[in-house]
Amino acid sequence: LIFLTSCEEDTPTSPDVVGIWNYIGHYDALGNISSFPSTAYENCELQSFITLESDGNATWTDYYLEDATSGPCLSQTNAFTFTHINSTTLQFIFPSSCGDPTVTLNIPTQFQIPSCSEGSWDGGYSLFELEP
């Protein structure tokens, strides 16, 4: 466990969240994992990951099929920032019609990003797990 500290302060700010977080899947509001439309889609999308850096900067690399069910596996990387709310909660700051999502660390090696649908949080979430 690595604690982030500053020169003025010698207390930990949160559990270590720095690293690469791999996409596990999307869950609905009842906690059921959503199925992928095809094996090709699943193999492509499961390459997605988020990188969190110690300075609060982050990138999200999202993989997707060109036409949702077939075609080449493409990727797009977007930069964003994050802040610590407390030891189990992060605030991701990126454009979303629902606002900046509050990200919950269920356990130190997994977090959930809530799903936004048509401008409101729909109860679902994407699950990410810290790469060992």
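Residue numbers start at 1 and run along the sequence shown.
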Quiz prompt | Spacing of Cys44 atom SG and Leu74 atom CG [to the nearest 0.5 Å] | solution = 7.0 Å
Exercise. Say whether Phe82 and Ile20 are linked into one hydrophobic cluster, either directly or through other cluster members, by side-chain heavy-atom distances under 4.5 angstrom.
Key: no
Exercise. Enter the distance from Phe128:CZ to Asn22:CG here, rounded to the nearest 0.5 Å.
Key: 9.0 Å
Quiz item: If you look at every heavy atom in Ser75 and Thr61, which pair is closest and at what distance?
Solution: CB-CG2, 4.3 Å
Self-check item: Minimum heavy-atom distance between Pro101 and Gln91, given as atom pair plus value
Solution: O-NE2, 3.2 Å
Exercise. Return the minimal non-hydrogen interatomic distance between Ser96 and Trp121, and the atom names on each side.
Key: OG-CH2, 4.3 Å
Quiz prompt | Heavy-atom pair of closest approach, residues Phe94 and Asp100 | solution = O-OD1, 3.2 Å
Quiz item: Do Val18 and Leu52 come close enough that some side-chain heavy atom pair is under 4.5 Å?
Solution: no
Exercise. Following the transitive rule for hydrophobic clusters with a side-chain heavy-atom cut-off under 4.5 Å over Ile, Leu, Val, Met, Phe, Trp and Tyr, establish whether Ile50 and Leu46 coincide in one cluster.
Key: yes
Quiz prompt | Leu127 CG to Ile33 CD1 distance, which is reported to the nearest 0.5 Å | solution = 8.0 Å
Exercise. Indicate the atoms forming the closest heavy-atom contact of Leu65 with Ser38, along with that distance.
Key: CD1-OG, 4.4 Å
Quiz item: Heavy-atom distance under 4.5 Å between the side chains of Cys73 and Gln47, does that happen here?
Solution: yes
Quiz prompt | Plane angle bin for Phe36 and Tyr41 - parallel if under 30°, tilted between 30 and 60°, otherwise perpendicular | solution = tilted
Practice problem: List the steps and the verdict of side chain to side chain donor-acceptor pair (under 3.5 Å) for Asp62 and Gln76. | Solution: CA-CA 5 Å; Asp62 188 34; Gln76 177 177 333; over 6 Å; no
Quiz item: Distance-only, no hydrogens or angles: does the Ser48 side chain make a donor-acceptor pair with backbone N or O of Tyr63 under 3.5 Å?
Solution: yes
Quiz item: With no hydrogens and no angle check, is any side-chain donor or acceptor of Ser115 less than 3.5 Å from a backbone partner on Tyr125?
Solution: yes
Quiz prompt | Point-to-point distance, once rounded to the nearest 0.5 Å, from OG1 of Thr51 to CG of Asn57 | solution = 11.5 Å
Quiz item: Is there a side chain to side chain donor-acceptor pair (under 3.5 Å) between Thr88 and Asn86 once you walk through the steps?
Solution: CA-CA 6 Å; Thr88 60; Asn86 59 43; 3.3 Å; yes
Quiz item: According to a 4.5 Å side-chain heavy-atom criterion applied to Ile, Leu, Val, Met, Phe, Trp and Tyr, with indirect links allowed, do Trp21 and Tyr23 form part of one hydrophobic cluster?
Solution: yes
Quiz prompt | is_close_aromatic(Phe111, Phe92), centroid dist under 6.0 Å | solution = yes
Quiz item: Going by heavy atoms in the side chains, are Glu66 and Tyr64 under 4.5 Å from each other?
Solution: no
Practice problem: State, with a plain yes or no, whether a side-chain heavy atom of Trp60 is found less than 4.5 Å away from one of Ile113. | Solution: yes
Practice problem: Take His84 and Leu90 through the side chain to side chain contact (heavy atoms under 4.5 Å, CB included) test and state the conclusion after the steps. | Solution: CA-CA 5 Å; His84 296 93; Leu90 304 172; 3.3 Å; yes
